[in-house]
Each structure stands twice: as C-alpha cells, then as structure tokens.
Amino acid sequence: MPGSLRIAIVGGGIGGLIAALALRARGLDAAVFEQAEVLREIGAGVSIHPNAARLLRRVGLEDQLQKIGSPIGGIVLRTSQGEPITTAAGPATPAFSRGEQGYNVHRADFLNLLFDALPRGTVTLGHRCIRLEEAADRVRLSFANGVSAEADLVIGADGIRSVVQRELGLQSRPRSEGIMAYRGLVPAERLSWAGDLKDPALWLGSGRSFLLYPVAGGRLINMVAFVPTDTESEESWSAPGDLKALAAEYAGWDQPVQDTINSLEETFRWGIYDRAPLPYWSTKRITLMGDAAHPMVPHVGQGAGQSIEDGFTLAVVLEGCSADHVADRLKVYEALRRERTGNVQALARAAGKLYRSEHDDPSEKAVRLREWMAQGRWVFEHDAEKAAVDALANLGC
Ligand SMILES: Cc1cc2nc3c(=O)[nH]c(=O)nc-3n(C[C@H](O)[C@H](O)[C@H](O)COP(=O)(O)OP(=O)(O)OC[C@H]3O[C@@H](n4cnc5c(N)ncnc54)[C@H](O)[C@@H]3O)c2cc1C
C-alpha cells in the first residue's frame, strides 16, 4: 500500500516516470506534474544499457522492453568507406556483462510504456511548475496555470532547463562541445540491408562519425551523425536540420550511409553541450534527478540510464521514511549518486573527445574506442538498487 509520505515529482520525462514507478514498487505514492498538455511523440532512439535494463526487469517491465526495444549487441566499426575495422585484439566488442541485455528504444515508445505502467491519475499533464516555497515541514509548488500543491518532498525531474534547479539557487551553464548531431529515423523497409542491421553500426571518419541502430522492434533505423560545427547550434531535439547540408557532410562515404541520408524525410539538428557537475542537488525537502541534476553529453548513451538509476536509488532511500527524516535520506541519495554520475559525465566527455578527434587512420581511433569500452565496463555493471540497499544497511537504517 502506498505510504503516507507526500512526494511530488516535477517533470514526466523518463526520469520522473521511472521514479514514480520505482517508488510505487516500494510502497510510496508520488504525484507527477508534467508541463506538456498532451503526450506527444518527440525524440528518437535512446539506449537503455544493462545498468538500467536490470532495474527495469525488477519492476516487471522486461517483456514490454523486449517488445519495443532492439537488443544492443556488439558495435560494428567501419571506416568511412565501409571497411570493417578490427583491432589487434579482434573486432570491437561491447562492454556488457554476459547474460544481461540492454535495448535501444524509441523514446516515445518507452515513455508510453512507463506512462501505461503507472496507475491512472499519477501524472497530471498541463502543469508547468514555476515556483517552489520550502518551509520546515512542507514544500509548496506553484504552477503556471494558477494551481498550487503541497508535498513533504519535491523531486525535480524537469530536464536540462530545470526550474527546480533554479529554485535551489543553482545554475548549470551549457558549454558547446564544438559538434552537433544530425538525427533522424528511417522506416527499415526503405533500406534493403536493414534486416541485417541487428547491432549498432558506427562509421568512423576524421572528425566525424555516423551511427545507425534499429529501434521500435526493428521497424525503424535510428541515425545519429556527429559533425564539427563552429556555430552555436540550438540545444534541441527537434530543431529542423537541412538534408542537403547533411548529405554534403558525408559525401563519398560508404553506400549504407548514403542510402540512409537519401531515405530520410527530415532531419533534426542537436547541438551538443556539456555542463560541469553541480555543487549540490538537495535542500532539506527538495532534490534533483536525471538531466536536471547531471546533464551529460550523449557519447556513452547514459542520459536515460543514469536517470533510471537515480529513480531506483530514491525509492530505496525513501522506503519507510517519515516526513521528518526526508533530509537525512536525501543526503544518502546525494552521496550515492553525485560521485557516480560525475564519473559517468567525465567518461562521456572523454568519449566525445575521441569521437571528434582527427585521425588519418580510422583504426587508430577504433583501438582507442575499444580501450575506452573495456574501461567503461563499470558503467554497465553497476547495480544502483543494491548500492543503495547496502548503503542504508551500513548506516544501520
Ligand atoms: C523532447 C525530448 C526529446 C528527447 N530525445 C532524445 C533522444 O532522441 N535521444 C536521447 O538520447 N535523449 C533524448 N532526450 C533526452 C533523454 O530523454 C534524457 O537525457 C533522459 O531520459 C533523462 O531524462 P529526464 O527525465 O531527466 O529529463 P527529460 O527527458 O528532459 O524530461 C524532463 C521532463 O520535464 C518536463 N518539464 C520541464 N520543465 C518543467 C516544469 N517547469 N514543470 C513541469 N514539467 C517540466 C519536460 O516537459 C519533460 O517531460 C530527449 C528529451 C526530451 C525532453
């Protein structure tokens, strides 16, 4: 049965919905306030790597994840001309544990899955939070539509332009990485070779890369094409891009790269921005999670994964917590999550440097990528729920 702690979550993206689900699985009820008036299909592929997928299994989402996702296998590396790149130690292999599966999903499919898994009424749409007022025993939330609400604890899951972060007196400044990504989705039926594309395929050129992987159970092929930019591109998942400019960036590349670009009906420009870790995430009754707490560049595919880990950690530390002890539990949450997410942010930053480095010999880049994958195993092997259970046990809670 849901407990008596009143929890409000600002933002019904992946982080906010996961937090509500994970809290519910531990007997805690949460109200999610989302600014969007309706659930819309925005975004493209998102990776749910084993560190996140193993948590989702525990709340019974394995079957649905299998249905909407494409299993993530070993990444296939190629030169811009399509020659397979193998390194001294063999072809590039994934850094995933055996027997544990990650999935690439369409963000909209995944959001729908999470939304449907929550009891009706958990998510209130059309509520843009504009202000928080924290008192000793509660937090008051005000929304742009004039409505207000009260909670014992507020979780800010409101993404990179977080209002909750601002209300905590924090500000994370975006810094351009000097690259942008063209993104798009192609129906697999338009590409004669799409049936063979089971694993992610990455073409590496000097300063550029071109990534394809299936989503939506293989019905769609997701494209992410990183190119250098000296202009400030909008940090947006939906800013329209120019197909001709995209084609010019990859002129002369391998045929599947050309086929994909020629099959796109539209492309989106995504400016890649980095941010330094925040000095703190919480007050006594307000905390942050997901991109609001630790936005990161996309090069290790952990934006969703780390927000899922946050949600499960919050659920463990808040289970059985009374309204009077929220502040102590938030300290445990921050201690568990700030260091790890800071390390993942740093890894993603380093991977970005590698992707956009200029190498005449692509296998040089591949060797370093392979080394990086081996070093990155700790990201995928982490069990955030177990780490939180152990931390509480060590504290005698
Ligand atoms: C539209 C969109 C498309 C995306 N597409 C991709 C993609 O294709 N590939 C990829 O790797 N990552 C994508 N992402 C990012 C990825 O989903 C996140 O990095 C990751 O899931 C962590 O999510 P989050 O829940 O912390 O934040 P977000 O996913 O940003 O979710 C934040 C939620 O909070 C809501 N919100 C914001 N401000 C307020 C407010 N003041 N009051 C109430 N609600 C508020 C937003 O509407 C949103 O639903 C996308 C994010 C968004 C918002």
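Counting starts at 1 for both ligands and their atoms, in listed order. Treat the numbers as computed from the prediction; the structure is a model and nothing was measured.
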Before you tell me yes or no, could you show the steps for W193 and D259 under side chain to side chain donor-acceptor pair (under 3.5 Å), namely the whole-Å CA-CA distance, both residues' side-chain angles and the distance that decides it to 0.1 Å?
CA-CA 10 Å; W193 40 264; D259 292 348; 2.9 Å; yes

Quick test of your reading of the structure: of [options], whose heavy atom lies closest to [atom]?
atom	options	answer
atom 27 (O) of ligand 1	G11, G159, A144	G159
atom 11 (O) of ligand 1	A293, A304, G45	G45
atom 22 (C) of ligand 1	G290, G303, C129	G303

Atom indices of ligand 1, in the order listed, that fall short of 4.0 Å to a heavy atom of [X]:
X	value
V163	41 (N)
I14	17 (O), 21 (O), 25 (O)
A44	7 (C), 8 (O)
S307	22 (C)
G15	24 (P), 25 (O)
H127	42 (N), 43 (C)

Side chain, backbone, both or neither: [X] near ligand 1, heavy atoms under 4.0 Å:
X	value
R107	side chain
V10	side chain
A157	backbone
R183	side chain
F33	backbone
D291	both

Just by distance, do the side chain of [X] and the backbone of [Y] share a donor-acceptor pair under 3.5 Å?
X	Y	value
T267	R183	yes
Q258	W253	yes
H106	A108	yes
E34	A36	yes

Decide if atom CD of E339 counts as having more than 12 heavy atoms of other residues, nucleotides or ligands within a radius under 6.0 Å.
no

For residues Q35 and D158, is any side-chain donor paired with an opposing acceptor at under 3.5 Å?
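No pair is found: no donor N or O on one side chain lies under 3.5 Å from an acceptor on the other.
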
Heavy-atom pair of closest approach, residues M289 and A157
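Nearest heavy atoms, M289 then A157: CG-CB, 3.7 Å.
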
Is there a side chain to side chain donor-acceptor pair (under 3.5 Å) between Q345 and R275? Walk through the geometry before answering.
CA-CA 9 Å; Q345 276 176 315; R275 290 169 173 82; over 6 Å; no

Interatomic distance, D383 atom CG to L55 atom CG [nearest 0.5 angstrom]:
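Result: 6.0 Å between the selected atoms.
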
